[in-house]
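One-based numbering, in listed order, for ligands and for the atoms of each.
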Amino acid sequence: MTDTLATAAHAARHRPSSWSLLLHNRLAACGLGVLLIIVLAALLAPLLPIADPDATNLLNRLQPPLSNGHPLGTDALGRDMLSRLLWGTRVSLVVGISATLLAAFLGTLIGLLAGYAGGRTDSLLMRFIDMLMAFPYILLALAIVAVLGPGLLNALYAIAIVNIPFFARNIRGLTLGLRQRDFIQAARLSGKNHWQVLFSEVLPNVMPIVVVTMSTTLGWMILETAGLSFLGLGTQPPNADLGSMLGQGREQMFSAPFVTLVPGVMIFLLVMSVNLLGDGVRDVLDPRLKSGVLQRAKAITDVQRSVIPAQNKPDALLEVVDLKVNFGSGQRATTAVKGVSFQVAKGECLGLIGESGSGKSVTALSIMGLVASPPGVITGGAIYVAGEEMLSLPPQRLQQQRGARVAYIFQDPLTTLHPQFSIGYQLAEAIVAHQPLNKQQAKMQAVALLDRVGIQDAEQRYAAFPHQLSGGQRQRVGIAMALANDPDIIIADEPTTALDVTVQARILELLQQLRRERGLTLLFITHDFGVVSQICDRVAVMQRGEIVETGETRQVLNHPQHPYTQRLIASVPHLGQGRQFLQRVRRLYASAEEKA
Ligand code: ADP
Ligand code: MG
């Protein structure tokens, strides 16, 4: 075990495998350990030197545990409890697992068909499932056994049938969602028939959920089997499973409690270990958890660097020196930012431009230690804001600087604004976080800010929820959030990418206006040279985690040196006419407004 744990720990230093994640989850590892012991003991029962489970010996009845030759004592017929326990566990496990497999198979099939076919097939199948779900399920199982007759196999069928709805409902919901997805349409267009689409495209996508549901229902199935057997409807004498052992021990509950206690403890251990393991498996199969979210995210990005490079240009308000950021660690780490350096002077706007995935966002997030850690690690470099090195600040100080000194505007404010709170409330909250104001004052300031960023009827809009605003208005709220605490630097990470061209022009105009009025320092991230030419004084071009070219915007636009920059510029229609283009759009917009 220590060996496995050691190798697991080693693996975790690289990207954690499913196994190491599972073993890192202490409860799941315990569950796995206990379950392995139980399963091994049950499997080896025929080979172990134990008595015949059905050999009665009335002279030796109800011997207490640890008595001669019977480690767990004997039952009312003088049969060896240990041997019966192991053989009984075998039966319980086999029935539980088979019932789970059966229910998973049938439930998944029904769910897939209902979700994929839709319409009448869906209604018909789901009403059948609803019927099954309308009864308390142990009653339904009793009814089924009553019809089929008592016996182990019938108990198995009953339990499987009762559990079909759990699978069918889950899988139907997933399939409904998948049916509309583009890759399914693509598969259809490629000539696959419905069955092929269903089994080669849909099924692999729902399989993780099937496995998760199986792992979490197995425990229940074992319990339900035991319940039916306890009532005498499952295994028939002389055979025993854990439930029937419990039932038979009932009469000696007070004179010889161990007869019921032994199978009771075994049921407890078995179900507990299966459930703990099931929870662990569920966590591991979730791909988001696999990428390291299972380990709690830290408030501040990990910093592992040997030297702190000095600031080159003391009058720069923001200076990034040789920044390096990795995701993951050890051999399997990928480097997202490879030694990026740039400066932004006070009141200046620097455009950081590059195609998607070139490391712009990671660079920007590193400035305030906002890269998710794990898996992110800042492995080198320094970040100076007004001469102060950010990455060597104590965590609490750095957190205080967020929003107050450096604020962010993100691409889609719908994902950054909380859907359940009004925009005004969220704005006031951001204000109060850094300023000693009472509620009324904070509200007044929030309204003033909303007004400032061009939200009409700010007083009424204060109570609006994010979903009640248009994309442009939401981005204005995002900008108001960033302005809330009068930061020195605003980092705008593709703030106009999610907006249409007219709204984009107005947001850029707003940012320009704010820059003029407040002397705002702006780090503007984009992939669009048209936008850069509109707003930025200087531009830095990023490719694969490196800055390949920097310079005055006009200079770079007119005489791009690096081939990558040339390609980026070539991809923009009307080279160098971004401003004219946007002005044209703005004129169009204004005249449209006039007409309305
Ligand atoms: P962009 O320039 O489009 O903003 P990013 O800075 O977001 O690009 O990403 C840069 C690189 O870092 C990409 O290759 C991306 O795959 C990687 N990356 C970003 N976030 C993570 C993460 N949480 N885990 C692993 N890799 C990441
Ligand atoms: Mg980005």
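Within the 4.0 Å cut-off (strictly below), a protein heavy atom is located near atom 18 (N) of ligand 1. Inside a 4.0 Å radius of atom 15 (C) of ligand 1 there is not any protein heavy atom.
Note on ligand 1: Ala372 sits outside its first shell, no heavy atom being nearer than 4.0 Å. Ligand 1 lies less than 4.0 angstrom from a heavy atom belonging to Ser358.
The Ala336 neighbourhood of ligand 1 comprises atoms 11 (C), 12 (O), with distances under 4.0 Å to a heavy atom of that residue. Under a 4.0 Å criterion applied to the non-hydrogen atoms of Pro375, ligand 1 contributes the atoms 24 (N). Which parts of ligand 1 touch Ser356 is read off a 4.0 Å heavy-atom cut-off, strictly below it: atoms 3 (O).
Close N/O approach between Ser361 and ligand 1 is found [any backbone or side-chain N/O within under 3.5 Å]. Taking distance alone, with nitrogen or oxygen atoms compared against 3.5 Å, Val362 approaches ligand 1 more closely than that limit. At least one N or O atom of Gly357 sits closer than 3.5 Å to an N or O atom of ligand 1. For ligand 1, the polar-atom distance check finds no N/O of Thr363 at less than 3.5 Å from any of the ligand's N/O atoms.
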For Ile367 and Leu523, what are the C-alpha separation, side-chain angles and deciding distance, and is it a side-chain contact (heavy atoms from CB on, under 4.5 Å)?
CA-CA 11 Å; Ile367 293 175; Leu523 177 61; 4.0 Å; yes
In sequence, state the C-alpha distance, the side-chain angles, and the governing distance for Asp279 and Leu277, and then conclude on side-chain contact (heavy atoms from CB on, under 4.5 Å).
CA-CA 5 Å; Asp279 281 353; Leu277 181 63; over 6 Å; no
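Donor-acceptor pairing under 3.5 Å is recorded for the side chains of Ser361 and Asp493. For the residue pair Thr335 / Lys324, no side-chain donor-acceptor distance below 3.5 Å is found, with atom types taken as modelled. For the residue pair Gln411 and Thr497, no side-chain donor N or O sits within less than 3.5 Å of a side-chain acceptor on the partner.
Among protein heavy atoms, the minimum distance from atom 20 (N) of ligand 1 is reached at Phe327 CZ, 3.4 Å.
Counting backbone and side-chain atoms alike, Gln411 contributes no N/O/S atom closer than 2.8 Å to the Mg ion (ligand 2).
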Validation: residues 172-188 side-chain donor-acceptor distances under 3.5 Å, sequence neighbours left out:
from	atom 1	to	atom 2	distance (Å)
Arg172	NE	Asp122	OD1	2.6
Arg172	NE	Asp122	OD2	3.3
Arg172	NH2	Asp122	OD2	2.9
Thr175	OG1	Ile171	O	2.6
Arg179	NH1	Tyr116	O	3.4
Gln185	OE1	Arg188	NH1	3.1
Arg188	NE	Tyr116	OH	3.1
Arg188	NH2	Tyr116	OH	3.4

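The side chain to side chain donor-acceptor pair (under 3.5 Å) test with Asn485 singles out one residue from Arg405, Arg402, Gln435, and that residue is Gln435.
Looking at Asp528 and Glu494, their side chains never come closer than 4.5 Å, going by heavy atoms from C-beta outward.
Judged as a salt bridge (charged side-chain N to carboxylate O under 4.0 Å, His left out), and not counting sequence neighbours, the contacts of Arg169 are Asp130.
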